[in-house]
Amino acid sequence: MTELAAVKAALRTQAVETPSWAYGNSGTRFKVFAQAGVPRDPFEKLDDAAKVHEFTGVAPTVALHIPWDRVEDYAALAAHAEQRGVRIGAINSNTFQDDDYKLGSICHPDAAVRRKAVDHLLECVDIMDATGSRDLKLWFADGTNYPGQDDIRSRQDRLAEGLAEVYERLGEGQRMLLEYKLFEPAFYTTDVPDWGTAYAHCLKLGEKAQVVVDTGHHAPGTNIEFIVATLLREGKLGGFDFNSRFYADDDLMVGAADPFQLFRIMYEVVRGGGFTSDVAFMLDQCHNIEAKVPAIIRSVMNVQEATAKALLVDGAALAEAQAAGDVLEANAVLMDAYDTDVRPLLREVREESGLDPEPMKAYRSCGWAEKVVAERVGGEQAGWGA
């Protein structure tokens, strides 16, 4: 197999999971902006997700968020997904939108609140059983705003205790993916603020617990690719939440703010074997002012482009330059791959897979946007409730 054929083959195996909540209404801290044709329930979200997969060919799974996507019959929801050509992916918990969680959830000083939070996480595992999902994704808004508000070490003890109970509930082939976030909504301490804290808890829990890297959850200037390389080396990188940030957790389309960073991250994924392992490539974005489905298609394409460039890095030439201590040549090898226009290559891959080479144009001309605006009238549009 030629080098180019190998790159094409690798690209055809790529899968990017789209988030159900990105198809609903979202906005800023101050306003949620409604759009015509937005799904009114999880079934309609899956319908939209199926269109993304139809035109990209690499978005076969959809992450759910509970309770935003709660239904009476999860087996029926999973069946609906399969009928549309997609599957249910990760189940995301929500322990941050209930009044009881003002001072935290799984780390709350009140045992009754902790019990409520853990029971919700166990419910999410039940949903995984019903949908056939592999991953339970956990993000906690837990933390404190003021010194002395609560005991930092005790909160870590509560976190470990709650995670351990949920971990024991996981079934065969299921995983717990623990996400971290530098700050927000807590401002003094966040209980899972960085990859080291998440890694420490996952290491203690066992093989089924792995770390999620959300690309928007870091301090300015953080070398995210170093974190990715380290977690891959330790076998603890469970997945990504791809998005872009300019200032904080902006949740913009992946690759929009710094496409070079996305390339560097994907190079470390390829270099570390993460592209052919169980690493989950998920989007976690809020499309506040742009149309939902085309924004997600564009995001998937951005991940594809960064991946293609990472696969084109001349590994032998790079290793030779690194061994020789040739700093400029080593950097040039990476930059040559990054500077490559991979859009023609991706058009070829799509055509060879029986897809339209231009997903955005194909979607715009298919009439889906106009169809859902006409049909999705009445009822309550989906959103994250702000």
I'd like to know if Leu159 and Leu203 are part of one continuous hydrophobic network [Ile/Leu/Val/Met/Phe/Trp/Tyr, side-chain heavy atoms within less than 4.5 Å].
yes
Do the charged groups of Arg115 and Asp119 touch, with an N to O distance under 4.0 Å?
yes
Would you say the side-chain atoms of Gln149 pair up with the backbone N or O of Asn145, donor to acceptor, closer than 3.5 Å?
yes
Exercise: identify the closest heavy-atom pair between Pro39 and Lys45:
CB-N, 3.6 Å
When you measure from the side chain of Ser133 to the backbone N and O of Ala90, does any donor-acceptor pair fall under 3.5 Å?
no
Would the distance check show the side chain of Asn25 and the main-chain N or O of Gln35 forming a donor-acceptor pair, the cut-off being under 3.5 Å?
yes
Should Trp195 and Tyr180 be marked as a side-chain contact (heavy atoms from CB on, under 4.5 Å) after you check the CA-CA gap, both sets of side-chain angles, and the distance that decides it?
CA-CA 6 Å; Trp195 72 272; Tyr180 59 90; 3.6 Å; yes
Looking only at the side chains, is there a donor atom on one of Asp250 and Asn243 sitting less than 3.5 Å from an acceptor on the other?
no
Would you call Asp341 and Arg343 a salt bridge, using N to O less than 4.0 angstrom?
yes
Identified side-chain contact (heavy atoms from CB on, under 4.5 Å) partner of Tyr101 from the options Val113, Ile106, Asn94
Val113
Gly24 and Val38 have their tightest heavy-atom pair at CA-CG1, 3.8 Å
Between Leu311 and Val313, is there shared hydrophobic-cluster membership here, with clusters defined by ILVMFWY side-chain heavy atoms closer than 4.5 Å?
no
For Arg84 and Asp47, what are the C-alpha separation, side-chain angles and deciding distance, and is it a side-chain contact (heavy atoms from CB on, under 4.5 Å)?
CA-CA 7 Å; Arg84 297 298 188 269; Asp47 293 342; 2.9 Å; yes
Provide the closest heavy-atom pair for Ala59 versus Thr18 in the form atom of the first, atom of the second, distance.
CB-CG2, 4.0 Å
Is any side-chain heavy atom of His65 closer than 4.5 Å to one of Pro19?
no
Residue pair Gln156 / His201, side-chain donor-acceptor N/O under 3.5 Å
yes
Verify, without hydrogens or angle tests, whether Arg175 (side chain) and Asp135 (backbone) share a donor-acceptor contact under 3.5 angstrom.
no
Heavy-atom check, side chain of Leu46 versus side chain of Leu77, under 4.5 Å
yes
Within-4.5 Å side-chain heavy-atom neighbours: Leu138 and Leu163:
yes
Check: Pro359 main-chain N/O paired with Asp356 side-chain donor or acceptor under 3.5 Å
no
Distance from Leu11 atom CG to Lys8 atom NZ, nearest 0.5 Å?
10.0 Å
Which atoms form the tightest heavy-atom contact between Tyr363 and Pro294, and what is the distance?
CE2-CD, 3.6 Å
Can any side-chain N or O of Ser353 pair as donor or acceptor with the backbone N or O of Leu355 at less than 3.5 Å?
no
Looking at Asp142, Asp150, Thr144, which one forms a side-chain contact (heavy atoms from CB on, under 4.5 Å) with Thr189?
Thr144
Is there a side-chain contact between Leu231 and Lys236, using heavy atoms and a 4.5 Å cut-off?
yes
If you look at every heavy atom in Ala76 and Phe43, which pair is closest and at what distance?
O-CE2, 4.1 Å
Cation-pi between Lys292 and Tyr23: NZ/CZ under 6.0 Å from ring centre and within 45° of the ring axis?
no
In plain terms, say whether Glu123 and Arg70 are close enough for a salt bridge, that is, a side-chain N and a carboxylate O under 4.0 Å apart.
yes
With side-chain contact (heavy atoms from CB on, under 4.5 Å) as the test, would you mind laying out the steps for Asp251 and Asn288 before giving the verdict?
CA-CA 9 Å; Asp251 273 340; Asn288 301 338; over 6 Å; no
When clusters are formed by joining ILVMFWY residues with side-chain heavy atoms under 4.5 Å apart, either directly or through shared neighbours, do Val212 and Ile227 land in the same one?
no
Show me the donor-acceptor pairs within less than 3.5 Å that the side chains of residues 254-275 make with the rest of the protein, sequence neighbours left out.
unit_1 : atom_1 : unit_2 : atom_2 : d
Asp258 : OD1    : Phe260 : N      : 3.3
Asp258 : OD1    : Gln261 : N      : 3.1
Arg264 : NE     : Glu225 : OE2    : 2.5

CG (Leu182) and CG (Asp214) are apart, to the nearest 0.5 Å, by 11.5 Å
Any donor-acceptor pair under 3.5 Å from Asn92 side chain to Leu64 backbone
yes
Measuring from Met128:CE to Ile66:CD1, what's the distance to the nearest 0.5 Å?
11.5 Å
Do Tyr199 and Thr230 come close enough that some side-chain heavy atom pair is under 4.5 Å?
no
Side-chain (Lys309) to main-chain (Tyr338) donor-acceptor, under 3.5 angstrom
yes
Within the side chain of Arg114, is there an N or O that forms a donor-acceptor pair under 3.5 Å with the backbone of Pro109?
yes
Let me confirm one number: the NZ-CG distance from Lys137 to Leu177, rounded to the nearest 0.5 Å.
8.0 Å
Counting only heavy atoms not in Glu161, do more than 12 sit closer than 6.0 Å to its CD atom?
no
Rounding to 0.5 Å, atoms CD (Glu54) and SG (Cys366) come to a distance of 6.5 Å
Should the ring pair Phe240 and Phe242 be called parallel, tilted or perpendicular, given that the plane angle runs from 0 to 90° and is split at 30 and 60?
parallel
Count the heavy atoms belonging to other residues, nucleotides or ligands that lie under 6.0 Å from CZ of Arg233, then report whether that count exceeds 12.
no
Once rounded to the nearest 0.5 Å, what's the spacing between atom CG of Asp241 and atom CG of Asp284?
4.0 Å
Does this structure show an ion pair linking Arg347 with Glu358, if we count only N-O contacts that are shorter than 4.0 Å?
yes
Transitive ILVMFWY side-chain link Val349 to Leu4, under 4.5 Å
yes
Does a side-chain N-to-carboxylate-O contact under 4.0 Å join Asp191 and Arg158?
no
Side chain to side chain, Phe183 and Asp249, heavy atoms closer than 4.5 Å:
no
Would a 4.5 Å heavy-atom cut-off, applied to side chains only, mark Glu290 and Arg298 as touching?
no
Looking just at side-chain N and O atoms, do Trp21 and Asp69 make a donor-acceptor pair shorter than 3.5 Å?
no
Can you confirm whether or not the ring centre of Phe33 sits under 6.0 Å from the ring centre of His287?
no
Do Asp129 and Arg169 meet the salt-bridge criterion of a basic N to acidic O distance under 4.0 Å?
yes
Taking the basic N atoms (NZ, or NE/NH1/NH2) and the acidic carboxylate oxygens, is any pair closer than 4.0 Å for Arg376 and Asp48?
yes
Less than 3.5 Å apart, any donor N or O on the side chain of Asp194 or Thr197 sitting next to an acceptor on the other?
yes
Residue that, paired with Lys116, satisfies salt bridge (charged side-chain N to carboxylate O under 4.0 Å, His left out) out of Asp100, Asp99, Asp110:
Asp100
If you look at every heavy atom in Ala49 and Val62, which pair is closest and at what distance?
CB-CG2, 3.4 Å
So Leu122 and Glu165, do their side chains get closer than 4.5 Å, heavy atoms only?
yes
Do Leu136 and Val118 land in one hydrophobic cluster if side-chain heavy atoms of ILVMFWY residues count as linked below 4.5 Å?
yes
